[in-house]
**Student:** 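Questions regarding the structure given below will be posed in turn.
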Amino acid sequence: MQTRLNTSRIRAARRVIDPVFLDTPLYRCEALEPALGCTVSIKLETANPVRSFKGRGTEVVASRLAEHGPRAVVCASAGNLGQALAWSGRGRGLDVTVVASRFATAAKLDRIRALGAKLELVDGDHEMARERAAAIARHDGIRLVEDSLDIETCEGAATIGLELVDTVPSFDTVLIALGGGALATGVGHVVKTSAPEVEVICVQPQGAPAMTRSWHGRRVVTTDSTDTIADGVAGRCPIPAVLDDLLVVADDAVLVQEASIIAGMRMLLDHAGVVVEPSAALGIAALLEDRDRFAGRHVVTIVCGSNVDMDAYHRWVGR
């Protein structure tokens, strides 16, 4: 199975990732099951200092930079990668710059600043932030971290897959939020290598369908805009190398409606006691929209982040 990822490097990544990001809670959530019609286990990637899975990848990036330089690094982020890189860089004495849209979730931007990174805002979407981050890297001669393209971000995320296959006795489906693709390709690679019978299904909002359309078309499909509350997965321009990896490891890619995402967020609050950002509810949304497909299965969904604007959250899920 040929992807850019390497299982021995993924196992080595566990040794450089701060343990605070590893061995996150994984448990069957029976309270969710009556409404969803299947056995549901959740992998909780919110219980860490940056409240998302992104710290696994930035720990790998920052550990290599601390060893081999340069000491300065820049990334574009919708919020979660920026927080994670700021956290990992701060602990290793790196100079971190994050470029984000000024329309990004305010809570995410506030945390990036609080973690000591320099924050530059652009008057556009995430793709404009990516272009600006690349320009800064070229001009200043510093390391550009590009989420999903940089293999460290994928292999850091892939350590989640190790924890799934090493600890869950039997599951037959994993639902993974799909944005840039680091989480999906990383976890998908490990699952397909270790448990090829498990179905890997990626989930994206209908309002940000570029990677899903690309997967189905087996070629890069871009979109002119995005329209979704799931800001963490709202990309328009898939990266060809990441799509190539996804085509190897994913069994399906599905799109879900905004109403289902909100219903998923509400269910995770009501039945699991977990506050999540919209991207983290995509797996539950997929279960809600296609109960027949998943009936009787044991499904694992990765709850990938909880950095959410609380005013918006209350509007979505209701006080």
Side-chain angles (χ1 to χ4, degrees), residues 1-7 9-10 13 45 52-61 64 73-82 84-85 99 125-131 133-134 137 143-161 174-193 200-205 208-223 226 228 230-255 279 282-283 302 304-305:
M1 185 179 72
Q2 289 301 308
T3 70
R4 297 177 301 141
L5 288 87
N6 176 282
T7 302
R9 280 202 312 258
I10 294 164
E45 290 294 312
S52 84
F53 77 95
K54 298 283 190 183
R56 294 177 184 252
T58 60
E59 282 290 280
V60 182
V61 171
R64 292 182 182 171
V73 60
V74 60
C75 75
S77 175
N80 287 349
L81 179 73
L85 189 59
V99 184
D125 66 4
H126 181 64
E127 300 303 337
M128 183 181 287
R130 278 174 64 185
E131 292 170 8
R143 167 70 187 271
L144 172 66
V145 174
E146 188 146 14
D147 199 17
S148 305
L149 178 60
D150 284 23
I151 201 67
E152 299 99 324
T153 63
C154 303
E155 291 181 343
T159 59
I160 297 169
V174 59
L175 295 172
I176 311 173
L178 179 61
L183 182 64
T185 60
V187 174
H189 173 89
V190 172
V191 169
K192 283 302 182 186
T193 300
V200 173
I201 302 176
C202 304
V203 191
Q204 205 164 33
M211 191 59 120
T212 296
R213 290 181 182 172
S214 299
W215 185 89
H216 284 282
R218 303 190 69 83
R219 63 178 180 84
V220 170
V221 177
T222 62
T223 60
T226 60
T228 178
D231 59 302
V233 294
R236 296 187 290 108
C237 303
I239 298 168
V242 183
L243 175 61
D244 289 344
D245 291 341
L246 194 68
L247 287 168
V248 174
V249 301
D251 294 297
D252 200 2
V254 300
L255 298 173
S279 302
L282 288 169
I302 299 168
C304 54

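Just so it is clear, the values below take in all heavy atoms, side chains as well, and ignore hydrogens, waters and symmetry mates.
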**Student:** Less than 4.5 Å apart, any side-chain heavy atom of Met211 and any of Val233?
**Tutor:**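 They are not in side-chain contact.
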**Student:** Of all residues at least two apart in sequence or in a different chain, which pass the side chain to side chain donor-acceptor pair (under 3.5 Å) check with Arg64?
**Tutor:**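 Side chain to side chain donor-acceptor pair (under 3.5 Å) check on Arg64 returns nothing, list empty.
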**Student:** With sequence neighbours left out, write down each residue that passes side-chain contact (heavy atoms from CB on, under 4.5 Å) with Arg4, or none if nothing qualifies.
**Tutor:**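 Leu149, Ile151, Cys154, Ala241, Val242, Asp245.
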**Student:** Take Thr7 and His189 through the test side-chain hydrogen bond (donor to acceptor under 3.5 Å, both in side chains) and record every step on the way to the result.
**Tutor:** CA-CA 8 Å; Thr7 302; His189 173 89; 3.2 Å; yes
**Student:** Can Arg56 and Glu155 be counted as an ion pair, charged N to O under 4.0 angstrom?
**Tutor:**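 No.
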**Student:** Would you say that Val254 contacts Cys202 through its side chain, given a criterion of any heavy-atom pair below 4.5 Å between the two side chains?
**Tutor:**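 No - every pair of side-chain heavy atoms lies 4.5 Å or more apart.
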**Student:** Among all residues two or more places apart in sequence or in another chain, which pass the side chain to side chain donor-acceptor pair (under 3.5 Å) test with Asp244?
**Tutor:**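 Once residues adjacent in sequence are excluded, Asp244 has no partner under the side chain to side chain donor-acceptor pair (under 3.5 Å) criterion.
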**Student:** Is there a donor-acceptor contact under 3.5 Å from the side chain of Asp150 to the main chain of Thr153?
**Tutor:**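 No.
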**Student:** What residues form a side-chain contact (heavy atoms from CB on, under 4.5 Å) with Thr226, not counting sequence neighbours?
**Tutor:**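 Per chain and number, Thr226 pairs via side-chain contact (heavy atoms from CB on, under 4.5 Å) with Ala208, Ala234, Arg236.
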**Student:** Taking the side chain as everything from C-beta on, heavy atoms only, tell me whether Val221 gets closer than 4.5 Å to His216.
**Tutor:**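 In short, these two side chains do not touch, never coming nearer than 4.5 Å.
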**Student:** Does Thr222 have any side chain to side chain donor-acceptor pair (under 3.5 Å) partners at least two apart in sequence or in another chain, and if so, which?
**Tutor:**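 Once residues adjacent in sequence are excluded, Thr222 has no partner under the side chain to side chain donor-acceptor pair (under 3.5 Å) criterion.
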**Student:** Under a 4.0 Å N-O cut-off, is there an ion pair linking Arg143 with Glu152?
**Tutor:**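 A salt bridge links Arg143 with Glu152.
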**Student:** Is a salt bridge present between Lys192 and Asp251, judged by a nitrogen-to-oxygen distance below 4.0 Å?
**Tutor:**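 Yes, this pair counts.
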**Student:** Using atom types as modelled, flag every donor-acceptor pair under 3.5 Å from a side chain in residues 174-181 to any protein atom, sequence neighbours excluded.
**Tutor:**
none

